Amino acid sequence: AASARVRLPGALFLEFLKHAVTSLNIEELLEVSLESSEFDSAKRLLTLFSEAHGMPSADEMVAEAAAGLPLLKSHGHHRDEEQAAAYLRDILGDLYSARSGKALRSFASWLSSAGG
């Protein structure tokens, strides 16, 4: 994911992102963005993900994950939304538990400030 961002021209990278979003495969992209403190990129990725799956903003889920709260609450109203929301809950929980936990908390703080 990180090498794709550097190697692919802008339009091709956008297609790569869209494919990752629709195939529920954004974990590595999100992790790289968070660990490199590229919060704008992480926000754009989550916005693209939420819009593609008809979900509300992922900001609330990020805040819950960064606080270590269990991510059990439903964030979708239709099957695709529910599947996408479950996937996002899983990866945010994984990021919180992994070495990216500090980056996730910093991102949540950034989202709640003027940056998000």
Side-chain angles (χ1 to χ4, degrees):
S3 63
R5 185 173 26 186
V6 173
R7 294 181 186 170
L8 297 175
L12 195 52
F13 184 68
L14 182 58
E15 289 304 312
F16 174 76
L17 281 180
K18 288 179 181 177
H19 175 72
V21 163
T22 56
S23 63
L24 301 179
N25 192 15
I26 66 166
E27 184 169 8
E28 188 178 342
L29 289 165
L30 184 58
E31 184 173 14
V32 167
S33 294
L34 294 178
E35 288 183 353
S36 58
S37 297
E38 295 179 10
F39 296 151
D40 284 329
S41 295
K43 172 68 175 175
R44 280 193 301 273
L45 177 62
L46 290 175
T47 298
L48 185 62
F49 184 87
S50 296
E51 290 173 353
H53 295 286
M55 295 172 49
S57 169
D59 293 5
E60 181 182 333
M61 290 175 73
V62 170
E64 291 170 0
L69 298 174
L71 298 172
L72 303 174
K73 186 166 65 170
S74 172
H75 289 272
H77 303 293
H78 304 289
R79 184 180 177 140
D80 181 52
E81 277 182 74
E82 213 30 65
Q83 182 180 9
Y87 168 74
L88 190 55
R89 279 193 303 272
D90 288 347
I91 67 170
L92 289 172
D94 290 348
L95 289 171
Y96 176 80
S97 300
R99 62 184 179 157
S100 303
K102 183 177 180 183
L104 181 64
R105 288 187 295 279
S106 295
F107 178 55
S109 177
W110 179 84
L111 281 175
S112 68
S113 71

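All figures in this text were calculated on a predicted structure; none of them were measured in a lab.
Among residue pairs with one or both ends in residues 13-26, those qualifying as salt bridge (Lys or Arg N to Asp or Glu O under 4.0 Å) are E15-K18; sequence neighbours excluded.
Contact of the L24 side chain with the H53 side chain is registered, since non-hydrogen atoms from C-beta on lie closer than 4.5 Å. Inter-residue side-chain proximity for S37 and W110 is flagged as unmet; no heavy-atom pair is nearer than 4.5 Å.
Residue L34 comes nearest to A103 through the heavy atom pair O-CB, 3.5 Å, listed as atom of the first residue, atom of the second, then distance. In plain terms, the two heavy atoms of I26 and Y87 that are nearest each other are N-OH, 2.7 Å.
A search for side chain to side chain contact (heavy atoms under 4.5 Å, CB included) contacts involving A63 returns nothing, not counting sequence neighbours. When the side chain to side chain contact (heavy atoms under 4.5 Å, CB included) test is applied to A58, the partners found at least two apart in sequence or on another chain are L46, S50, L88. Listed by chain and residue number, R99 satisfy the salt bridge (Lys or Arg N to Asp or Glu O under 4.0 Å) test with E35 (two or more places apart in sequence, or in another chain). Applying the ring-ring contact (aromatic ring centres under 6.0 Å, His included) test to Y96 and every residue at least two apart in sequence or in another chain returns nothing. Every side chain to side chain contact (heavy atoms under 4.5 Å, CB included) that T47 has, sequence neighbours left out, goes to K43, E51.
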* To do: Just do the salt bridge (charged side-chain N to carboxylate O under 4.0 Å, His left out) check on R44 and E38 with the steps written out, would you?
  => CA-CA 10 Å; R44 280 193 301 273; E38 295 179 10; over 6 Å; no
* Asked: What's the verdict on side chain to side chain contact (heavy atoms under 4.5 Å, CB included) for L92 and L30, showing C-alpha distance, side-chain angles and the deciding distance?
  -> CA-CA 9 Å; L92 289 172; L30 184 58; 4.2 Å; yes
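D59 contributes atom CG, which lies 7.0 Å from atom CZ of F107 (distance to the nearest 0.5 angstrom). For the atom pair CD (E60) and OG (S112), the distance works out to 13.0 Å, reported to the nearest 0.5 Å. Within the model, atoms CG of L29 and CD1 of I91 stand 9.5 Å from one another, a figure rounded to the nearest 0.5 Å. Considering CG of L45 and CG of D40, their distance stands at 12.5 Å, rounded to 0.5 Å. Note that CG of L17 is 11.5 Å distant from CG of N25, once rounded to the nearest 0.5 Å.
Under a 3.5 Å cut-off, the side chain of S109 and the backbone N or O of R105 do not form any donor-acceptor pair.
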